[in-house]
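Sequence positions, counted from 1, serve as the residue numbers for this chain. Hydrogens, waters and symmetry mates are skipped; everything else that's a heavy atom, side chains included, is used.
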Amino acid sequence: MYKIMRTDKAEDQLRDIIYYIADDSGSVDVALKYLDKIEESINCLKDNCLKEFPNSGCIPRYSILKKQGYRVVIVEKHLIFYKVNEENKTVIIYAIVDGRREYQNLI
């Protein structure tokens, strides 16, 4: 099993997403349910999670991200960008962004 780590940037992005959903929907519960979906995709609360299957994410469409070794997991409209360090069995999450935006420069 792989250890999951998040950069400060990814933590900030996730927090901003959850705050936005809570504000936009008017419901903290809606935001927390969405947070649960993201956490499930990362932390093995369902099939094909990153902890057990770190290479289960897709290869990004932008060649620059592909060349840098990123993989991506899609959770509804958000993209979770990460890299796998096989040497120390770690998955590092670098960014969590809205896939509808131009995200290449956000990582």
Side-chain angles (χ1 to χ4, degrees):
M1 194 161 316
Y2 286 69
K3 181 179 176 185
I4 305 291
M5 297 175 65
R6 287 185 223 174
T7 63
D8 289 342
K9 183 180 204 174
E11 287 286 349
D12 291 345
Q13 290 168 329
L14 181 58
R15 185 175 41 255
D16 290 347
I17 290 165
I18 300 310
Y19 285 157
Y20 175 80
I21 291 170
D23 188 50
D24 189 54
S25 68
S27 170
V28 172
D29 288 339
V30 169
L32 292 177
K33 283 181 186 172
Y34 194 73
L35 175 60
D36 287 344
K37 274 187 184 183
I38 290 174
E39 294 291 354
E40 285 173 6
S41 296
I42 296 169
N43 292 314
C44 279
L45 301 175
K46 66 178 188 176
D47 294 336
N48 291 329
C49 62
L50 294 180
K51 269 189 172 179
E52 288 187 22
F53 305 102
N55 292 310
S56 63
C58 304
I59 295 172
R61 67 178 179 175
Y62 290 117
S63 61
I64 186 90
L65 298 176
K66 201 182 310 185
K67 287 177 185 172
Q68 292 175 355
Y70 284 101
R71 295 188 79 80
V72 63
V73 170
I74 301 167
V75 178
E76 291 187 19
K77 61 185 174 189
H78 289 93
L79 307 175
I80 302 169
F81 287 91
Y82 69 95
K83 291 182 183 179
V84 179
N85 183 321
E86 293 291 347
E87 201 172 290
N88 61 12
K89 299 283 192 200
T90 304
V91 172
I92 303 167
I93 298 172
Y94 286 90
I96 304 171
V97 299
D98 188 326
R100 299 170 298 176
R101 294 181 54 199
E102 182 57 45
Y103 55 81
Q104 186 176 1
N105 297 325
L106 298 175
I107 300 170

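Note that CD1 of I21 is 13.0 Å distant from CG of D29, once rounded to the nearest 0.5 Å. L14 contributes atom CG, which lies 5.5 Å from atom CG of L35 (distance to the nearest 0.5 angstrom). For the atom pair CD1 of I93 and CD1 of I42, the computed distance is 3.5 Å after rounding to the nearest 0.5 Å.
Sorted by first and then second residue, the side-chain hydrogen bond (donor to acceptor under 3.5 Å, both in side chains) pairs with a member in residues 67-84 read Y34-H78, K37-E76; sequence neighbours excluded. Applying the salt bridge (Lys or Arg N to Asp or Glu O under 4.0 Å) rule to pairs touching residues 13-24 yields D12-R15, sequence neighbours excluded.
The minimum heavy-atom distance linking L50 with S56 is given by the pair CD2-OG, 4.2 Å. Closest approach of A95 and A10 over heavy atoms only: N-CB, 3.9 Å. Closest approach of V73 to G57, counting heavy atoms only: CG2-CA, 4.1 Å. Nearest heavy atoms, S41 versus V75: OG-CG2, 3.3 Å. Nearest heavy atoms, P54 versus V84: O-CG2, 3.6 Å.
I80 and I59 end up in different hydrophobic clusters when Ile, Leu, Val, Met, Phe, Trp and Tyr side chains are linked at under 4.5 Å. Neither Y19 nor L32 shares a network with the other; the hydrophobic side chains, linked directly or stepwise wherever heavy atoms of I, L, V, M, F, W or Y lie under 4.5 Å apart, form separate groups for each.
Side-chain contact between I4 and K51 is present, with at least one heavy-atom pair separated by less than 4.5 Å.
Every residue two or more places apart in sequence or in another chain was checked for a ring-ring contact (aromatic ring centres under 6.0 Å, His included) with Y2, and none qualifies. Qualifying side-chain contact (heavy atoms from CB on, under 4.5 Å) partners for I74, counting only residues two or more places apart in sequence or in other chains: L79. Contacts of N88 classified as side-chain contact (heavy atoms from CB on, under 4.5 Å), with partners at least two apart in sequence or in another chain: N85, T90. In this structure S25 satisfies the side chain to side chain donor-acceptor pair (under 3.5 Å) test with no other residue, sequence neighbours excluded.
A distance-only check finds a donor-acceptor pair linking the side chain of Q13 to the backbone of I96 [under 3.5 Å].
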